[in-house]
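Everything below concerns the one structure shown next.
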Protein chains: 2
Amino acid sequence: MTTLPPDAELLRLDHQVCFSLHAASRAFGGVYRDALKDLGLTYPQYLVMLVLWEHGAQPVKAIGERLRLDSGTLSPLLKRLETAGLVHRERSTEDERSVTVHLTPAGDELREAALPVPRRILAATGLTVEELRTLRGLLGRVTGALDAS
Amino acid sequence: MTTLPPDAELLRLDHQVCFSLHAASRAFGGVYRDALKDLGLTYPQYLVMLVLWEHGAQPVKAIGERLRLDSGTLSPLLKRLETAGLVHRERSTEDERSVTVHLTPAGDELREAALPVPRRILAATGLTVEELRTLRGLLGRVTGALDAS
DNA sequence: GAGATTTAAGTTGTGCGCAACTTGATTGCG
DNA sequence: CGCAATCAAGTTGCGCACAACTTAAATCTC
């Protein structure tokens, strides 16, 4: 569609994209930090709670697959959520390797307090719905391609 | 342009974008980890080296502004780069609060070894140049808006 | 059925990211 | 001038991310 850029510019573009991604991810982190402070959650903890609110109790493995996180990250994170009284872990009886993560009543209740969060973030992005869809689409494709390579 | 989606979908879209961003950022991290292993650099260390290769010796403060990182992150990172012999730090004589970061000859030479890295990453993304531009644009706008809020 | 392989979760160690703080230098203001 | 406010860099502490490893259970294979 356009003239292909010279090599140098192309390579520059690449690291600009990576850098933008890195910066944007941390900028989101900052806004979430504020929005979640009252709930006492970090952003990754909030992601885990979203999974549990939406899909119910499930094994650590399943949470990890949904969030692209391994047990080295999830185990201590879940331990903190358990200490905070939001979650409890129970070793499965059928397969004793597996541990199922359940919401406690407090964890379930927190859902309501978390409802206004997404709107705050949405407003802070300054993007239109169209743009958000485009962004989500591109990011999804990149992640898929990168993971495959 | 399109029918506005109902509230629930809109809020869903928001956390999907945040999640995609988080996931994409980590996926890039993984690919860079492989590409930079031979150079003995992590991705954030590589970003610092890019700044020095491109703009020459400069104070910690300036590096932090370019990369959106504070001294709590940069100080130990620079110490590691110094231990690796790629960089050395010198306290400014005019303003003794400031520390200027210089490339060592080894740090300068590493530039050549790093040249093939961007192309590898570029290929791994699976996106066209158009799409990369769009992505960079959207991410830049989001970061700006989020930082301002 | 016994032994090798695979699997789920957890542990350890390293580095990044950031808040909160310390230290020492500079600037600004009365 | 003198002292407060500001500023640059560094330190500490905590949580996330991930590689490499351990442990214990399930599965596969002969």
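Throughout, a chain's letter reflects where its sequence line sits, starting with A, and its residues are numbered from 1. Treat the numbers as computed from the prediction; the structure is a model and nothing was measured.
The shortest distance between side-chain heavy atoms of A:M49 and A:L41 falls below 4.5 Å. Here the side chains of B:L139 and A:L135 are in contact, with some heavy-atom distance below 4.5 Å. Taking 4.5 Å as the limit, every side-chain heavy atom of A:T100 sits out of range of all side-chain heavy atoms of A:R91. Annotation: side chain of A:I121 is in contact with side chain of B:C18 (closest heavy-atom distance under 4.5 Å). Contact annotation: the side chain of B:L67 approaches that of A:F19 to within less than 4.5 Å [non-hydrogen atoms, C-beta and beyond]. Side-chain contact check for B:L122 versus B:L132: some heavy-atom pair is nearer than 4.5 Å. No side-chain heavy atom of B:D108 sits under 4.5 Å from any side-chain heavy atom of B:L52.
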Please tabulate, one pair per line, each protein N/O and nucleotide N/O from nucleotides 2-4 of chain C that are separated by under 3.5 Å, including the distance.
none

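In this model, the phosphate group of D:dT11 is approached by a side-chain N or O of B:K79 to a distance below 4.0 Å at OP1 or OP2.
Of all heavy-atom pairs between B:R66 and B:Q58, the closest is NE-OE1, 3.1 Å. A:L127 approaches B:V142 most closely through the heavy-atom pair CD1-CG2, 3.1 Å.
Computed from coordinates, the B:L78 CG to C:dG15 C1' distance equals 14 Å when rounded to whole Å. Rounded to whole Å, the distance from NE2 on B:H22 to C1' on D:dC18 is 12 Å. Distance B:E82 CD to D:dA9 C1': 13 Å, rounded to the nearest Å. Rounded to an integer number of Å, the gap from B:L81 CG to C:dG15 P is 11 Å. As a whole-Å value, the separation of B:L77 CG from C:dT14 P is 16 Å. One can place CG of A:L21 at 14 Å from P of D:dA17, the figure rounded to the nearest angstrom.
Identified under the side chain to side chain donor-acceptor pair (under 3.5 Å) test for residues 138-149 of chain B, with sequence neighbours left out: A:E131-B:R141, B:R68-B:D147. Each ring pair (Phe, Tyr, Trp, His ring centres under 6.0 Å) pair with one or both residues in residues 87-136 of chain B, not counting sequence neighbours, appears once here: B:H88-B:H102.
The CG atom of A:L86 sits 10.0 Å away from atom OG1 of A:T83, with the distance rounded to the nearest 0.5 Å. Annotation: the span from B:Y32 atom OH to B:R120 atom CZ amounts to 11.0 Å, rounded to 0.5 Å.
The stretch residues 84-103 of chain B comes close to DNA chain C through B:E94, B:D95, B:E96, B:R97, each having a heavy atom under 4.0 Å from the strand. Residues from residues 24-33 of chain B lying near DNA chain C, meaning a heavy-atom separation below 4.0 Å, are absent. Less than 4.0 Å separates DNA chain C from at least one heavy atom of each of the following residues of residues 47-76 of chain A: A:P59, A:V60, A:K61, A:S71, A:G72, A:S75.
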